[in-house]
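Naming: A, B, ... by sequence-line order, numbering from 1 per chain.
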Amino acid sequence: MHIDGIIAAAATPSGKGGIGIIRISGKGGLTAVSEIFKSDKLANIMNAEPNYMYFGRIDADGATDNGYMVFFKAPHSFTGEDTVELHCHGGEGILSSVLTALFKRGVYPAERGEFTKRAFLNGKLSLADAEGVIEMINAESTAALKAAYRMMSGVLSKEIYSMQNALKDIMSTLEAALDYPDETDIKIGDYTVVLCDLSARAESLINSSKKSAFIKKGVNVALIGAPNTGKSSLLNVFLKKDRAIVTDLPGTTRDTLEESFEYGGVRFNIIDTAGLRDVKSVSDIIEKKGIERSYEAVKGADMVLYVVDLNSRTEGMGESLSDGVAELKKKTLRISDIKPEIFDEKFKEIAGDAKTVVVFNKNDLVQFVGESRGSIKIGEEKYEYFCVSATEKEGTEDLLNFMTNLFVGNETESELIANSRQTAALKRANESIKTALNSCGKVGTECTLLDIREAWECLGEITGETAGSDIVDGIFERFCLGK
Amino acid sequence: MHIARHYDCIVIGAGHAGTEAALASARLGIKTLILTMSPDSIAFLACNPNIGGTSKAQLVREVDALGGEMGVAADKATIQLKLLNGAKGAAVRSLRGQVDKRLYHDIIKKTLEDEPNLTILEGEAVKIISDGSRIKGIKTATGAEFYCEALVLATGVYLNSGIIIGEYTKKSGPAGFFPADGGLSDALRECGIEIRRFKTGTPPRIHKRSIDFSKMQIQEGERGICRFSFLNDYCEDEGQALCHLTYTTKETSEIIRQNISRSPMYNGSIEGIGPRYCPSIEDKIMRFSDKERHQIFIEPEGIFTNEMYVQGMSSSLPSDVQEKVLHSIIGLERAEIIRYAYAIEYDCLNPEQLLPSLAVKHLKGLFAAGQLNGTSGYEEAAAQGVIAGINAALYIKGEEPFILKRHEAYIGVLIDDVVTKGTNEPYRMMTARAEYRLSLRQDNADTRLTAKGRAIGLVSDERYERYLKKQKELKEIFFKAEKTISPDKALEKLFERKGAPYAIRGYTIKELLKRPEFGFFDINSVTGEFLEYSKAALAEAEAELKYGGYIEKQANEIKNYLKAENRPIPLDVDYSKIDGLRLEARQKLEKIRPLSIGQAMRISGVSPADISVLMIRLAVLSKA
């Protein structure tokens, strides 16, 4: 609980709206905002005129948007404190990016009802409103308790408790060594290994929270690949209708095409793109533009389906069966036969941060030997691959199931999904762990301990357990100390 | 006719808390009486023959910075001085001095005797005189009545105390002094004070001639380190006394296991709660059975005695078992016991009944300090003593109490911890308990507290002048630390010596000091700029510069902490009328009666939602 601290929350309901507003209340909020909002009209955000709307650019550590900022000077605001509002475009993406950026800069996520509570404490509401405010606080805390109770048995709470305990163990050991320099039996061990592990675990929880965001906003999937590999055919299979024009001619799809479909309870926003080929070699100006757009599409994707034509791009690979009738003459291919040349030289760049799956299409035209799904090494990285036939609708179901599980997960995993408040705490915990790791050995343990303690306290915000006496208890549980 | 006299302030008990309280009160111009079971027990070091240690040295230096006596006396009585954690960061470095127990007692006793406003009297308080809401005085066992405005209780381990050695028990204070069992405990209960029973223990003392030191490791004292009192310069003592380190053996564990049924701690005849951090040897063996051996330190009790203290062998085992255990320790095969180890049980009060000023909440003019408040240790006692003495004096003068906050002093942490969270075992100070410990160092206790002590009136001219001189030095040092040392041979050599990569460029002194391997000692080898300054000022400046970034980061946390501390809660809030609080929170708040929202937030069982409700109700109350 941070009395008088700067708090922020989205003031508009979650979901897709035309605009989304983030409200930041508390002294110093403008300073935090000045780091993510720039306006041509205002050289120094700190000089913002109250009650004026400034147009500018929001840059929340990479996520950008055009938007407006309004500053309300205390006491002339809803809460009675200095308040800043950022009006961005709607959509979970930008709003959560802005909040995350603010939380990184010393702003705390507002408790439910906290704006109202502050309004009351600052005399903006009448005394008669007190009952209502208290009712709201208690209702929220009951709801929070219920949520916490649900968490108690959950996998998430177990994981966070376990992480908190691991941090407590490190702290107890380090503290014992500081408070009992005469004791020879305190073995500190390599706590950096544990810290690295904890950071990885925090990251995996943070990633799991992204999954829950996918359920709400949908997963952006880009279909990428060389011309005439069957991307549009695949799109049509997914959509269960002939949305895209499909021909045998390479370069039929000139522009990106966006469509949505649902599978297994997940909404996929799928973008079909123009086939990739070296832009310089393409004379058609429309196709050229299309290819550029394909690269753009990849940037916004959560997932890339990299489609490869198993038939045409495998000349000289595998062995041709020369016997039998001409029509049945199929090439036999093993996964080990597939050479890296079939992947675009820009593959790595395309794969980027998004989850990339290699789709070997036109399975019907070759004799593929071996597992129809597995993993393939491209360069240094391993990628999942699926062999499908878009025309025969073979293997596409497998691929869809895989995609769904990837973003929603199975049941046990879904319990690991943290909500946004928990995610914010986890992120701060992870930052502190990383700071502690960076400082190890460069400063005294009493300094590193500050960061470890901060991480432990952040996790405590989730579990509700941050009693400092725990650490002292830990010292005496672990070590035999004293006169 | 019985004696009946009036004093402004009466202190019951002349241990480390009582003597500091009495001196503080008397020095603030209050006519003070200190009542002791025996003047021979004044400032008696009943257990270990040392003062200081991690976090405890910080307390001693804070007491000293405020104008207390412990540091001054400890310096005079020191026979060996060490700096613990000397190789670690400044915030966790702590002095520990082996002191001559007899000398320490003599020095404090003489200081009390020399204090003009202070009367020392042997006697046992047995009754509290009050009008139900305000303290009026006390009655002693011999029938004398002493009236007062303020009463400071500092009964230490004497209240209803009993010692235990195996099957043998006796109503006794420590070291054979009389226990205070004439009725004070009941008198306090009658005043509505909740009494509890704690226990602690002490190891045997043995004859020096019976120890085989050749089998032990020598532990020497150090020179070139600061002393406890800011009135004194760095210690350069030669010929310091020696301590020795030895170990228990497998045989030790076997003897204890075979005889554990005869341990009163294990057969249930002791009810008091003992501290985990001061485990008896039987506790150590039973709880940590996989540990092969335990450390034992042999420390001299003083210069004019051959009694040696066996640190690590605190026990309540029967005397015959104690001998066997002792003889199983390396080098103690023929040890002659002079005094047996014993456990001691005593009455103390629940510190949740106290305000941060150490005043008892429901009885005006009554204060409590030291082990009576559920703490342990000489230093913890002295720290509370000086605060209780100051606040008793301020109360009599009708002034606001003196309360140190958690970011200002270990004393603040200690008192806030026990009055806000209570304690289930004797509370020991630890650096781990101080969240702002980077700023609460022994080197800067004067910078933190001496001006406050001066404002109260406890700091002498001599102390204040030394303080001002150091502050001036610090200012200059910080100014000069911004200067750049130009690249030259000497600088290059320094880097080479430290094994640090050297780039040919200028370095600011501040920048050099930020590196862990550089100190002012090294800076002095390349520039003469700092040769003129005292070691004390350089040590403090170095710590401040080294911790710079971290201290700045904590400054933000402190700002948040203070915001909550500065939202007061009236002492007379009727919590039963605050609707919307959960039952547990209401009961806790009713009992603790926090003085601020910040303190309320630290009470276990009070949730953030409760705090919100409380804030809203208080806002309504203040407007109504």
Side-chain angles (χ1 to χ4, degrees), chain A residues 1-5 106 111 113-114 117 120-123 127 129-131 133-135 137-138 140-142 144-145 171-172 174-185 439 441-447 449-451 453-454 464 467-469 471-473 475-477 479-483, chain B residues 47-48 54-55 84-85 88-92 94 203 275-279 283-284 287-288 291 294-295 297 311-312 314 421 428 430-433 435 437-438 516 546-547 550 553-554 556 560 563-564 567 579-580 582 597-598 601 604 607-613 615-617 619-620 623-624:
Chain A
M1 195 177 183
H2 302 275
I3 291 200
D4 292 348
E111 309 276 331
E114 201 173 356
K117 181 184 103 187
F120 180 85
L121 288 174
N122 292 320
L127 287 182
D129 294 321
E131 296 311 319
V133 179
I134 285 173
E135 217 166 90
I137 289 166
N138 278 337
E140 289 300 341
S141 101
T142 314
L145 274 180
M171 281 193 286
S172 298
L174 296 179
E175 293 287 5
L178 291 180
D179 267 311
Y180 289 91
D182 280 343
E183 302 291 333
T184 48
D185 71 318
S439 74
K442 290 179 206 145
V443 297
T445 38
E446 70 276 22
C447 298
L449 268 163
L450 282 183
D451 293 311
R453 193 187 180 104
E454 200 165 291
S469 56
I471 296 160
V472 172
D473 287 344
I475 295 176
F476 297 112
E477 274 160 27
F479 303 104
C480 176
L481 299 165
K483 302 180 292 221
Chain B
C47 194
N48 50 318
T54 51
S55 77
L84 303 180
N85 280 334
K88 294 181 187 152
V92 291
S94 300
R276 288 167 301 176
Y277 46 78
C278 198
D283 257 356
K284 290 182 188 175
R287 281 186 51 219
F288 295 91
K291 221 182 139 179
H294 295 268
Q295 296 185 136
F297 290 92
Q311 200 230 82
S314 157
K421 297 172 193 155
R428 181 202 195 271
M430 295 170 77
T431 72
R433 299 193 198 266
E435 56 275 51
R437 70 176 157 203
L438 294 192
K546 278 208 188 298
Y547 284 135
Y550 285 93
K553 200 173 150 193
Q554 281 213 313
N556 261 329
N560 269 328
K563 274 180 189 168
R567 280 176 179 260
D579 284 338
R582 287 167 317 114
I597 291 291
M601 286 163 74
S604 65
S607 73
D610 294 319
I611 295 292
S612 296
V613 170
M615 282 167 71
I616 287 165
R617 289 293 179 200
V620 174
K623 282 170 195 163

> Taking all atoms of both residues into account, what is the closest heavy-atom pair of A:L121 and B:A619, and its distance?
CD2-CB, 3.9 Å
> So, for A:D179 and B:A432, which heavy atoms are closest and what is the spacing to 0.1 Å?
OD2-N, 3.1 Å
> Between chain A and each of B:K88, B:E435, B:H294, B:R437, count heavy-atom pairs under 4.5 Å; write down the option with the most.
B:R437
> Name the option with the most non-hydrogen atom pairs under 4.5 Å to chain B; the candidates are A:D182, A:L174, A:T445, A:V443.
A:D182
> Show the nearest heavy-atom pair for residues A:P181 and B:L84, with the distance to one decimal.
CG-CB, 3.8 Å
> Can you name the salt bridge (charged side-chain N to carboxylate O under 4.0 Å, His left out) partners of A:D451, sequence neighbours left out?
B:K553
> Among residues at least two apart in sequence or on other chains, which ones pass side chain to side chain donor-acceptor pair (under 3.5 Å) with A:N122?
none
> Which bit of B:T431 comes within less than 4.5 Å of chain A, counting heavy atoms only: side chain, backbone, both or neither?
both
> Go through the atoms of A:E175 and report whether side chain, backbone, both or neither lie under 4.5 Å from a heavy atom of chain B.
side chain
> Using a cut-off of under 4.5 Å for heavy-atom pairs, which of B:I616, B:N556, B:V613 has the most such pairs with chain A?
B:I616
> Contact part of A:L449 toward chain B, heavy-atom cut-off under 4.5 Å: side chain, backbone, both or neither?
side chain
> Which atom pair, heavy atoms only, marks the closest approach of B:G89 to A:E446?
CA-OE2, 2.9 Å
> Go through the atoms of A:L450 and report whether side chain, backbone, both or neither lie under 4.5 Å from a heavy atom of chain B.
side chain
